[in-house]
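Input: a single structure, listed below in structure tokens.
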Amino acid sequence: MTNKEILKRLYKIIVPYQQKLLIAMLAMIAVGGFTGAQSYLVKDLLDKIFMEKNIFFLKILPLVVVVIFFLKGVAYYIYTVLLEQVGQSIIRDFRLQIFNHIHKQSLSFFNKMPTGTLMSRIISDVTLLQQAVSNALVGSVRDFFQVIILLGVVFFMNWRLALISFIVLPIAAYPIVKFGRLFRKLSTSTQEEVANVSNILHETITGNRIVKAFSREEYEGNRFYQQVSKLFVLTLKDAKFRCMQHPLMEFIGGGAIAVIIWFGGNEVIRGSATPGTFFAFLVALIAAYEPVKGITRINSTIQQGLAAATRVFAILDIEPEIEDKKGALTLAPFTSVIEFKNLSFRYNDEAAVLSNINISVPAGEALAIVGPSGGGKTTFTNLIPRFLDLKEGSITIDGSDIRDVTIASLRGQIAMVTQQTILFNDTVRSNIAYGDQQASDQEIRNAAQAAYALEFILALPNGFDTVIGEGGARLSGGERQRLSIARAILKNAPILILDEATSALDTESEREVQNALENLMKNRTTFVIAHRLSTIKNATRIIVIKDGAIVEQGTHDSLIAQKGEYEQLYNMQYT
Ligand SMILES: Nc1ncnc2c1ncn2[C@@H]1O[C@H](COP(=O)(O)OP(=O)(O)O)[C@@H](O)[C@H]1O
Ligand SMILES: [Mg+2]
């Protein structure tokens with residue numbers, strides 16, 4: 001992305017705040033004007049009061065000073081507050097935009113993007129970007145006006161001396177450009193390392209039980225140390241240049257003052273300038289140099305911001321792989337049949353994980369899917385709610401291709417319970433009502449009861465209002481699973497997908513979960529990937545998926561009689 005493209009996109013972001021920015025800018029110009037006026041006061045102070053001993057000026061000048069400083073303060077307050085408002089609005093808008101954008105992405109996006117990286121994009125990159133937009137870009141406008149106004153003042157006072165200051169500008173500009181490139185490069189590497197730090201944090205904090213179980217605290221501590229050290233080195237490098245910047249610019253400024261004392265002193269001694277003019281000139285020039293020095297700082301902020309913007313836009317530019325197509329229809333409530341025709345799927349450009357699947361599942365069927373691990377069972381069920389899009393063939397529900405209907409209406413008809421329960425750090429009630437926030441207390445209670453969860457919920461300290469911790473940390477595996485079943489029951493969707501919902505449980509809790517699942521499966525069309533014989537025996541039909549293909553299908557008894565793949569699996573697992 002070129003700078004121009006980035007700036008164009010950043011400009012679009014500030015368009016809604018144009019009015020505020022305009023007022024801010026006017027206030028900035030006022031500040032610049034008052035700063036210019038200040039240097040004129042010096043001239044009168046010296047020439048009228050010190051030299052001429054003019055009593056009238058002595059009475060007036062202090063009053064003028066107070067008024068000018070007051071007005072400058074008011075203008076300063078107005079523009080800084082407005083800038084802060086706009087800046088914070090940009091941060092809010094951007095965070096929301098990225099958040100919504102990443103939640104539109106398919107599963108494969110999350111396979112590629114580590115959590116910590118995404119979090120650092122939303123949290124720190126957006127902040128860097130905002131600083132570039134509201135502080136730096138706008139700050140440079142302020143500085144520009146200030147320099148123009150002050151240079152005007154300087155020229156008006158003594159144009160020969162003013163010309164000298166033009167020698168300073170190109171000399172000062174050189175390090176500004178040099179530093180800018182450096183800062184941008186450093187900032188890019190720094191943010192990459194910040195993202196890596198968040199990735200390690202996220203992994204080790206959410207995985208702290210495994211870290212403990214394998215006694216890997218020291219190893220993880222070391223890994224974190226390495227990562228933080230990388231960041232440390234980069235940050236110090238950045239700081240070194242940043243710290244060099246200021247004295248360097250001061251030195252250049254000092255050199256300029258030396259030159260001006262020489263020439264200006266000459267003028268005063270020869271009598272072609274008053275001491276007042278000389279000092280006023282010096283004050284104005286120093287005031288004009290202040291923003292020029294500031295440009296180096298602003299420049300580094302802008303460079304950092306542009307680098308951050310590149311990363312943020314890179315995420316925003318990832319088109320969701322799975323989207324509603326234009327004119328997508330609403331899927332009518334499922335009534336008769338789900339058909340899979342010549343279906344094939346591969347991840348990225350890898351070998352096909354599923355090939356040429358053909359099956360027709362009538363409403364009300366409980367289809368058990370069994371087969372060796374890695375055969376493609378989970379992939380197969382992820383295709384139905386379009387978590388992944390199939391590459392060849394089609395899936396139709398009552399004759400409508402799932403790619404022709406809206407994702408919301410499709411997923412609205414599917415409930416899922418997976419081996420890995422996903423619960424939120426919220427109350428039991430909110431977790432059960434996750435798919436239907438309007439649900440009444442009675443409905444939530446009924447769902448909990450049908451999921452065999454009511455008893456343990458009522459035993460919790462605050463019943464349905466108990467907050468269950470991150471991922472349901474304060475519940476047992478079986479309890480978590482029954483909560484996610486209650487959630488699915490409440491959703492009351494006609495199509496149900498169970499992916500090894502009981503395989504992580506011990507026999508005791510499995511029995512309860514099993515009962516809960518039977519309640520859930522009533523009157524629904526179910527795809528159930530199961531390890532347990534009980535679930536499979538209740539199925540109306542069993543398919544065996546191996547190496548991405550359906551190798552056998554039938555009822556339990558007919559498959560046993562075939563003495564094929566299923567019989568082998570059955571003998572291995574259940575006898
Ligand atoms: N996100 C992914 N990216 C690439 N390959 C994957 C991904 N998820 C699963 N696979 C591969 O697809 C195959 C089928 O996996 P899966 O559907 O999970 O099998 P099962 O559920 O039957 O155990 C496996 O070979 C697995 O390595
Ligand atoms: Mg699986």
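In listed order, ligands and their atoms are each counted from 1.
- With hydrogens and angles left out, the side-chain atoms of E365 and T526 include no donor and acceptor closer than 3.5 Å.
- Heavy atoms of G376 come nearer than 4.0 angstrom to ligand 1 in at least one pair.
- Under a cutoff of 6.0 Å and an axis angle of 45°, R445 and F464 do not form a cation-pi pair.
- When distances from atom 17 (O) of ligand 1 to the protein are checked, a heavy atom turns up under 4.0 Å.
- Although no hydrogens or angles enter the test, the distance criterion places a donor-acceptor pair under 3.5 Å between the side chain of T525 and the main chain of G364.
- Here is the list of ligand 1 atoms found below 4.0 Å of a heavy atom in T379: 14 (C), 15 (O), 16 (P), 17 (O).
- In this comparison of F380, Y347, F345, the heavy atom closest to atom 9 (C) of ligand 1 sits on Y347.
- Salt-bridge check for D436 with R487: failed, with every basic side-chain N at 4.0 Å or more from each acidic carboxylate O.
- By the 4.0 Å heavy-atom criterion, E500 is excluded from the residues contacting ligand 1.
- F340 has its ring centre less than 6.0 Å from the ring centre of F380.
- Both the backbone and the side chain of T378 come within 4.0 Å of ligand 1, judged by heavy-atom distances.
- No side-chain donor-acceptor contact under 3.5 Å links S394 and D401.
- Residue side and main chain included, T379 places no N/O/S atom under 2.8 Å of the Mg ion (ligand 2).
- In the vicinity of N111, heavy-atom distances shorter than 4.0 Å reach the ligand 1 atoms 1 (N).
- Protein non-hydrogen atoms do not reach within 4.0 Å of atom 26 (C) of ligand 1.
- Here's the thing with G374: one of its N/O atoms is less than 3.5 angstrom from an N/O atom of ligand 1.
- Neither side chain, T127 nor Q130, offers a donor N or O lying under 3.5 Å from an acceptor on the other.
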